[in-house]
Structures are given as structure tokens and as C-alpha cells.
Amino acid sequence: MTKMSKMHQRVISAHGAALAFTALMPIAQAVAQTTTTAQAAPELQSVTVTAQRRTENIRDVPVSVTALKGDRLDVLVSGGEDIRLLAGKVPSLNVESSNGRTFPRFYIRGYGNTDFNTFASQPVSLIYDDVVQENPILKGFPIFDLASVEVLRGPQGTLFGRNTPAGVVKFESEKPKLGKVEGYWNASLATHTTANVDGAVNVPLSDKWAMRVSAAGQHRDDYVKNYSDVARTNQINKLDGYNEHAERVQFLYRPDDNFNALLNLHQRQTTGSARLFRANLIKKGSNTFADGTDLDSIVTNGQNFQSLKTNGANLRLQWDIGAFRLFSITGYEHISDYSSRGDIDGGTPAGPGFIPFQVETNGYISDLDQYTQEFRLESKNEGPFNWQTGVYYFDEDVTGGSDNFESVTYTRTSRLVSNQTNKAWAVFGSATYNLTPDWTIRGGVRYTKDEKEFSTQVAQNVVQIGPRSVETDSSKTSWDVSATYKLNNNVNLYGRAATGFRAPSIAAASASVPITVADAETIKSVELGVKADLFERRARTSFSIYDYTIEDQQLTVVGGNSNVNRLINADKTKGKGAEFDFEAAISTALRVSAGASYNYTQIRDGSLSVNRCAQCTITDPINAAGRVEINGNMLPQAPRWTFNATARYGVPFADGELYVFTDWSYRSKVNFFLYEAAEFTGAPLTEGGVRLGYIFADGKYEVAAFGRNILDQRRVTGAIDFNNLTGFTNEPRQWGLQVKGNF
């Protein structure tokens with residue numbers, strides 16, 4: 001089949017997706033009408049978001065956005081999982097990592113970055129309590145005591161700015177409250193002695209001061225048995241456990257209605273196994289496990305460990321000044337220690353399978369300091385016109401590198417240490433105008449100036465090609481414009497056009513590759529959508545279609561017969577698709593939600609080719625130079641289809657409530673690399689959870705039994721391609737018990 005015919009099929013599929021999502025609406029209406037005639041259901045509570053830096057009803061925001069709150073969020077974290085648990089739980093969102101619990105990589109609408117470089121930037125920005133977490137190591141802060149998680153899809157370059165061409169994942173912690181002592185505690189114990197404990201207490205210190213202390217701790221035993229017979233004094237006989245704890249202390253000062261200050265202090269410490277790489281995990285010519293694979297055991301002779309220490313603080317100030325509101329957001333993040341060492345050949349000289357050479361690596365950050373400052377002024381007009389404007393400053397200094405080891409003698413064979421400084425500033429503004437009671441238009445613009453300096457500090461046994469230092473300097477103006485039309489009191493239609501910008505990226509040198517620089521990438525996106533409250537506010541839904549074009553997309557070439565990491569630019573990348581969200585109170589007992597997305601991506605650059613893998617079965621064309629042509633391929637880690645669904649059914653029992661909750665997610669196949677190969681195509685993955693619980697009469701206590709990945713569907717979720725068919729997998733099934741209390 002030719003490339004042209006494949007493209008034709010993809011276009012047809014995109015139209016089919018839109019029709020399929022549209023067809024869900026009358027089905028949902030029929031179900032709701034049938035059930036609600038039998039038993040009255042309560043109205044759904046309004047969902048508010050801050051996608052436009054103001055608190056608004058989610059229906060009124062002209063952006064494709066999903067908010068996770070309450071039960072849906074609590075159930076996901078009950079098994080002690082890290083931030084990767086968000087993958088597939090909302091439309092168009094994928095999260096993965098080749099570093100385990102650290103260094104998560106986010107993808108929205110198929111658009112992300114597979115780069116494992118210490119200095120990597122991502123087109124999905126993670127915002128925690130209004131502060132951008134730029135380095136990927138900062139993005140994995142544990143999920144606990146949160147008010148909400150919002151996923152904003154599409155370019156958000158005007159109001160959020162910092163590396164947001166694909167979208168934003170926004171976390172907001174519960175804040176201190178004046179008035180009374182309150183809080184919660186939560187504890188669970190599951191398979192492999194997986195323990196999760198978290199809690200918070202809100203303490204009013206006076207009529208003007210309040211404090212909130214939150215903490216979380218997570219543990220899992222090393223349960224994967226290592227059958228390597230290599231003799232060494234510090235041989236690790238079991239792997240894949242972890243210990244992690246994080247704390248957050250917040251102080252609120254509110255002397256009157258015109259001013260408040262919120263100070264946030266936080267820290268995180270993590271130790272345990274790094275990602276387990278398994279040599280020849282994948283069966284030759286397929287994407288299934290090799291015969292005889294036992295995922296509870298491994299044969300590896302390399303060291304495997306991970307450690308991380310981070311801390312930070314932010315100060316958010318707000319003044320009400322007559323017709324205006326002024327904000328100051330100051331943020332500081334610090335990494336004092338990060339190290340992740342793993343046996344990337346995945347085995348021993350004896351196997352399993354053929355392993356051409358032995359190597360293990362240690363990636364690390366010895367020091368990172370990130371400082372951010374934003375001032376924002378917004379209007380409080382009662383009339384049809386409102387606006388906001390501000391300035392933003394970003395300053396990062398990070399030193400890190402990688403060591404290679406010979407994993408038979410465990411001697412270091414090379415060391416490369418680099419430093420990067422990144423300074424950027426921006427000015428931005430946006431405005432909203434109500435043309436009529438039914439028509440609202442919005443627009444915004446942001447100018448960004450970005451500068452980076454990168455240098456090699458240490459190069460031991462690495463013959464560096466090219467200069468030891470480089471500098472980049474770029475600027476860009478991003479904009480967005482949207483319109484919302486109220487079809488009636490319950491249905492809004494919207495359209496949005498937006499651009500985004502990601503500054504140039506730099507990758508460290510290696511034995512055969514110089515320091516590489518990828519030019520700035522830009523995106524132009526258009527989106528149409530509908531948001532509605534249905535059936536007397538017993539259901540809500542949203543549906544959107546989008547189309548985007550990325551120019552000069554920054555792509556990462558990894559592996560390919562040697563363990564290299566270099567940056568390239570693709571001339572153009574196309575993306576299009578559709579997204580659907582639905583939530584309903586079917587009755588007083590039954591609540592359901594569902595989401596789906598179709599994301600089509602395609603690299604369009606006939607000049608691009610990359611080195612092929614060592615032992616895999618390439619399905620792309622190979623040119624005369626023996627390199628793989630990637631024109632027409634979909635982006636890595638970009639599933640074409642995702643689905644998610646939840647259902648909660650509760651009935652009165654013994655003066656309390658007995659309930660069952662289930663959640664499910666599905667993603668279709670993904671490519672692991674820029675080229676397509678039979679072995680490096682991740683198979684479709686379905687993961688489900690179930691929870692059976694009882695809430696006591698006063699609502700203060702809850703006990704539940706739960707299961708995560710209850711089908712125990714194990715899949716290869718990533719790979720290393722330079723040596724053999726090495727891969728790693730998703731998390732195993734868990735069964736556990738949880739107890740919760742509120743006060």
C-alpha cells in the first residue's frame with residue numbers, strides 16, 4: 001500500500017471519528033430519558049476552571065479542557081501510583097517515562113517530546129500552583145491534597161506562555177482556609193506491600209492567618225527477583241521497589257477583602273529502582289513478549305537505583321485596587337540531587353538472548369535552580385469589556401550529565417558533564433468583550449524573548465566533535481482569538497484560533513555526535529467545539545474538532561546502532577482530530593462519565609532520515625545510505641484512539657452508603673521511535689480499576705477495597721533500540737485496602 005493511500009485512509013478515519021462522537025449524543029439522551037423517568041436524579045454541580053487565568057464555568061471557556069476533581073481523582077491515586085497514572089484518563093492525554101517515577105513526558109493531541117536528555121524541554125507545560133515546572137525532573141511531584149487537575153488542550157501561548165504549544169496540565173493544591181480546623185487522612189496497603197499514606201490539616205492561626213500542612217508517603221517492596229549469578233558484594237537480588245515522601249506547608253494571610261498572600265513551601269525525596277530494562281523482551285518480528293517471559297523476574301548484572309531531592313517555594317500575592325486586581329507570583333524550584341542508573345543492555349554476557357556489548361548508564365543533575373516572576377493586572381468591570389495584562393521572567397541554571405559504565409567490571413568508561421543557563425522574559429495581554437448577551441469574543445497576544453547558553457564542563461574519554469559551547473537567542477509573538485455563541489441557556493458553541501512557540505533546544509554531545517541545536521518550533525491551530533448542560537443539568541458534554549500545523553518541530557533521534565541522542569527539526573507536522581467528554585447523573589444512585597479522542601499526526605519532511613535500530617524489523621523505506629525514511633510517520637507515543645469511562649453506583653446501607661466505582665482507559669497502538677518497526681510498536685493497552693467501599697453515616701469515614709489494572713494486561717510501553725530488543729513495561733495488577741477519614 002502506498003503512502004498516498006495511507007493518507008487517504010487517515011483522512012477518512014478523521015471524518016469517521018467526528019461522526020462517531022456525534023452519534024453518541026442521541027444515545028446518551030435516550031439512556032438519560034429512560035433512567036430519569038424512573039428515578040429523579042440530582043443536578044450536577046457546576047465545574048469551574050482557571051483555563052483563562054480567571055475562575056469561570058467550564059462551559060463558558062472557549063478551550064478544550066477537562067477537569068479532574070473529587071472521586072475521579074481520589075480513586076486514581078489510591079494505589080500509590082505516580083503522575084503517569086493520568087495517561088488516558090482524559091481525552092488526548094498520554095504520559096510515559098523511560099526513567100520510572102521520575103522524568104515524566106507528557107503528550108497532548110499526539111504532540112510531545114520523547115527526549116530523555118537532562119536539559120530537554122517539552123511542548124506540554126506543567127503548571128503547579130501557578131508556577132511552571134520546566135525541567136522534566138520537576139514535573140513528577142506526587143499527587144496529593146489537590147483541589148483539581150486541569151488539562152488544557154491546544155496552544156496556550158498567550159496567558160501561560162512558557163513552552164505551551166501542545167497544551168497545559170495544571171495542578172492546584174488545596175489552599176488554607178480561615179475559620180476552622182479541618183483536614184483528612186488516607187492510608188492504603190496493596191500488592192507487593194505497596195503502601196500509600198497522605199493527609200492534610202488546616203489550622204486557623206488567627207482571624208487573619210491560616211496554615212495548611214500536607215504530606216504523602218509511598219512505598220513498594222522490591223518484588224522482581226534478579227537471577228543474575230554475577231558475584232559482587234552489593235548484588236541487588238530484588239528490584240522495582242521505591243520509597244518516596246513529599247511535604248507541603250502553606251500560609252495564608254488575609255487581613256481584609258482587599259489583600260491576601262499565600263506562601264507555599266514544598267519538598268520531595270525519592271529512592272528506589274530505576275526503570276527495569278529487559279534484554280530481548282520483545283519477540284523478533286512482533287510487538288509481543290518473547291517466549292517464556294516472566295515479568296516477576298529479571299537477569300541483569302548492572303547496578304539499578306534512583307534518587308531525587310527537590311524543594312521549592314512560591315509566594316502568591318493579590319491586591320484588589322478599586323476597578324483592578326493585581327497579582328504577583330514568585331516561584332523558586334531547586335534540585336539538589338538527581339541520579340538514575342540502569343543496566344541499559346538489559347542483561348548479562350550470557351543473555352537473555354544475544355547482547356552485543358555490556359553497558360550501563362547513569363544520568364544525573366547535580367544542581368538546578370529555577371526562578372520565575374510574574375506580575376499580572378486584570379480588570380473587574382461590570383460592563384461587557386474586561387482585560388488582563390502582565391510581564392513574566394524566567395531564569396534557569398542547571399548542571400548535569402551522564403556516565404557510562406562497563407557492566408561486567410562496573411568501571412566507568414566515560415563521563416560528560418554540561419551546564420545550561422536559560423533566561424527568558426515576556427509581556428502579554430488579553431481581552432474579553434461581550435458583543436451581545438449571546439456573543440463573546442476574546443483575544444490575546446504575547447511577546448517572548450528567550451536566550452540559552454550551553455557548555456561542556458567535563459568530557460572524560462569522550463572526544464567531542466565541534467565546539468564545546470553554543471548560544472541561542474530567539475523571540476516570537478504568539479496570539480489567540482476566539483468567539484463563543486450561546487445557542488441557548490444550556491448550550492455554547494465556540495471557535496478558537498491560536499499559535500504557540502517553543503524556544504530552541506540544545507542536546508549534549510556524545511562520543512559520535514556534537515552538541516546539537518534544534519531551531520524554535522511554532523504551531524498554528526484552529527478548533528471548533530460545543531459545550532452543553534443536558535437534561536435539566538443532569539448531564540454535561542463537550543465535543544471539539546481541531547487541526548494544527550507545526551513548523552520546524554523539534555524531534556529527538558535516539559539509539560540506532562549506538563546509544564546517541566541528537567536533535568533535528570522536521571519541516572512540517574500535521575495533526576487533526578476530535579475529542580469528546582460526557583458526565584451524567586443517571587439517577588440518585590448512578591453517575592457515569594466517558595471520554596474519547598481521535599488524534600491523527602503525520603511528519604511531513606521528505607528530507608528526513610534516521611539511523612536504523614540494531615536488530616529490529618523496519619517497516620519504513622530504507623534509502624541508499626542505509627538510513628530509514630520517516631516522512632509520513634505518526635509522531636512517537638501518539639495513540640490514534642483513546643477512550644476512558646467511569647461509573648459509580650451507591651445505595652443506602654446500615655445508615656451509610658455502600659458503593660462500587662469502576663474506571664477504564666484504552667489507548668490504541670503507539671510508535672516508540674521516529675521510525676516504524678514491528679518490534680517497537682506498542683500494542684493497544686486497556687487498564688481498568690474497581691473500588692468497593694462503604695461511607696459511614698456521618699460521612700467522616702470510609703473504607704474500601706480496590707484493584708488497579710484488574711485485567712493484569714501487561715504491555716511493552718517503551719524500548720531501547722541501539723543494542724538488542726530491550727524494552728520495559730507498564731505496572732502490574734494491584735489489589736488493596738484503603739481507609740479514609742475527614743475531620
Side-chain angles (χ1 to χ4, degrees), residues 82 84 96-105 113-122 133-140 236 239-240 242 268-277 300 302-310 334-346 358-368 396-407 410-420 454-462 464 505-513 515-516 556-559 562-567 718-723 726 728:
D82 59 88
R84 289 172 294 167
E96 57 85 30
S97 174
S98 56
N99 290 56
R101 298 175 70 83
T102 61
F103 210 128
R105 297 184 290 245
N113 183 11
T114 60
D115 195 348
F116 58 83
N117 177 18
T118 301
F119 309 95
S121 68
Q122 295 182 345
Q133 308 294 299
E134 172 67 9
N135 190 278
I137 308 300
L138 294 172
K139 297 179 187 288
I236 301 174
L239 298 164
D240 218 21
Y242 54 79
R268 173 194 185 190
Q269 294 189 30
T270 302
T271 60
S273 291
R275 175 67 93 171
L276 291 189
F277 303 114
T300 179
Q303 292 193 36
N304 185 291
F305 62 83
Q306 194 168 80
S307 63
L308 173 63
K309 292 182 180 179
T310 72
H334 176 63
I335 299 176
S336 58
D337 170 62
Y338 168 70
S339 180
S340 184
R341 180 166 173 172
D343 187 10
I344 61 172
D345 64 72
Q358 294 286 297
V359 61
E360 62 183 87
T361 63
N362 181 32
Y364 53 87
I365 289 177
S366 56
D367 186 66
L368 179 146
E396 180 193 61
D397 189 330
V398 55
T399 299
S402 62
D403 295 343
N404 287 332
F405 298 86
E406 207 284 339
S407 52
Y410 317 115
T411 57
R412 190 173 66 206
T413 58
S414 66
R415 163 168 284 188
L416 189 71
V417 181
S418 305
N419 172 265
Q420 177 176 280
F454 188 95
S455 62
T456 300
Q457 305 291 301
V458 178
Q460 295 179 356
N461 295 329
V462 177
Q464 184 166 335
S505 295
I506 304 174
S510 66
S512 59
V513 177
I515 297 174
T516 54
T556 302
V557 180
V558 298
S562 62
N563 188 26
V564 301
N565 182 17
R566 63 186 178 90
L567 297 173
I720 297 177
D721 70 339
F722 75 92
N723 197 349
T726 295
F728 46 88

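For the numbers below, each heavy atom of this structure counts, side chains included, while hydrogens, waters and symmetry mates do not. Everything quoted here is computed from the prediction, not taken from an experiment.
- In this structure, Phe119 and Ser505 have side chains that are not in contact, with every pair of non-hydrogen atoms separated by 4.5 Å or more.
- If you check the side chains of Ser98 and Arg105, you find a donor sitting under 3.5 Å from an acceptor.
- At a threshold of 4.5 Å between non-hydrogen side-chain atoms, the residues Val557 and Thr516 do not count as touching.
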For this session: Apply the test side-chain hydrogen bond (donor to acceptor under 3.5 Å, both in side chains) to residues Asn362 and Ser339: give CA-CA distance (whole Å), side-chain angles for both, the deciding distance (0.1 Å), then the verdict.
Result: CA-CA 7 Å; Asn362 181 32; Ser339 180; 2.8 Å; yes
Problem set entry | Verdict with reasoning, Val398 to Ile365, per side-chain contact (heavy atoms from CB on, under 4.5 Å) | CA-CA 7 Å; Val398 55; Ile365 289 177; 4.1 Å; yes
For this session: Decide yes or no on side-chain contact (heavy atoms from CB on, under 4.5 Å) for Arg341 and Phe405, but give the supporting numbers first.
Result: CA-CA 10 Å; Arg341 180 166 173 172; Phe405 298 86; 3.4 Å; yes
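- Side-chain contact between Asp337 and Ser307 is present, with at least one heavy-atom pair separated by less than 4.5 Å.
- Between the side chains of Ser407 and Gln358, at least one donor-acceptor pair of N or O atoms lies under 3.5 Å.
- Taking 4.5 Å as the limit, some side-chain heavy atom of Leu308 sits within range of a side-chain heavy atom of Ile335.
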For this session: Given side-chain contact (heavy atoms from CB on, under 4.5 Å), test Asn461 with Thr413 step by step and report yes or no.
Result: CA-CA 7 Å; Asn461 295 329; Thr413 58; 5.6 Å; no
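- When side chains are defined from C-beta on, Ile720 does not count as touching Phe116, because their heavy atoms never get closer than 4.5 Å.
- Looking at Asp343 and Asn304, their side chains never bring a donor and an acceptor atom within 3.5 Å of each other.
- Residues Arg84 and Ser97 approach most closely at CD-CB, 4.0 Å, considering heavy atoms.
- Side chains of Arg268 and Thr270: a donor on one and an acceptor on the other come within 3.5 Å.
- Taking both residues in full, the closest heavy atoms of Ile506 and Asn117 are given as O-ND2, 3.2 Å, listed atom of the first, atom of the second, then distance.
- Judged purely by distance below 3.5 Å, without hydrogens or angles, the side chains of Asn135 and Tyr338 never pair a donor atom with an acceptor atom.
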Problem set entry | Criterion side-chain hydrogen bond (donor to acceptor under 3.5 Å, both in side chains) on Asn404 and Ser414, from CA distance to verdict | CA-CA 5 Å; Asn404 287 332; Ser414 66; 3.3 Å; yes
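- The side-chain hydrogen bond (donor to acceptor under 3.5 Å, both in side chains) with Asn565 is formed by just one residue from the set Thr114, Thr118, Asp115; it is Asp115.
- Under a 4.0 Å N-O distance rule, the pair Arg101/Asp82 qualifies as a salt bridge.
- For the pair Gln122 (side chain) and Pro104 (backbone), a donor-acceptor distance under 3.5 Å is present.
- Heavy-atom minimum distance, Ser340 versus Gln306: OG-NE2, 2.9 Å.
- Nearest heavy-atom pair, Val462 versus Arg415, reported as atom, atom and distance to 0.1 Å: CG2-O, 4.0 Å.
- Going from atom CG of Asp345 over to atom CG of Asn723 covers 6.0 Å, rounded to the nearest 0.5 Å.
- Under the 4.5 Å side-chain criterion, counting only non-hydrogen atoms from C-beta, Leu567 is in contact with Thr556.
- Using a 4.5 Å cut-off on side-chain heavy atoms (C-beta onward), Leu368 and Ile137 make no contact.
- For Leu416 against Asp403, the heavy-atom pair with the smallest separation is N-OD1, 4.4 Å.
- Proximity of Ser273 to Leu239: side-chain heavy atoms (C-beta onward) are separated by under 4.5 Å at one or more points.
- A donor-acceptor pair shorter than 3.5 Å can be found between the side chains of Ser455 and Gln457.
- Interatomic distance, Glu406 CD to Glu360 CD, rounded to the nearest 0.5 Å: 8.5 Å.
- The minimum heavy-atom distance between Phe103 and Ala120, with the atom names listed, is CZ-CB, 4.4 Å.
- Taking CZ of Phe728 as the reference point, atom CG of Asn99 lies at 8.5 Å (rounded to 0.5 Å).
- Checked by atom type, the side-chain pair Gln464/Thr456 shows a donor-acceptor distance below 3.5 Å.
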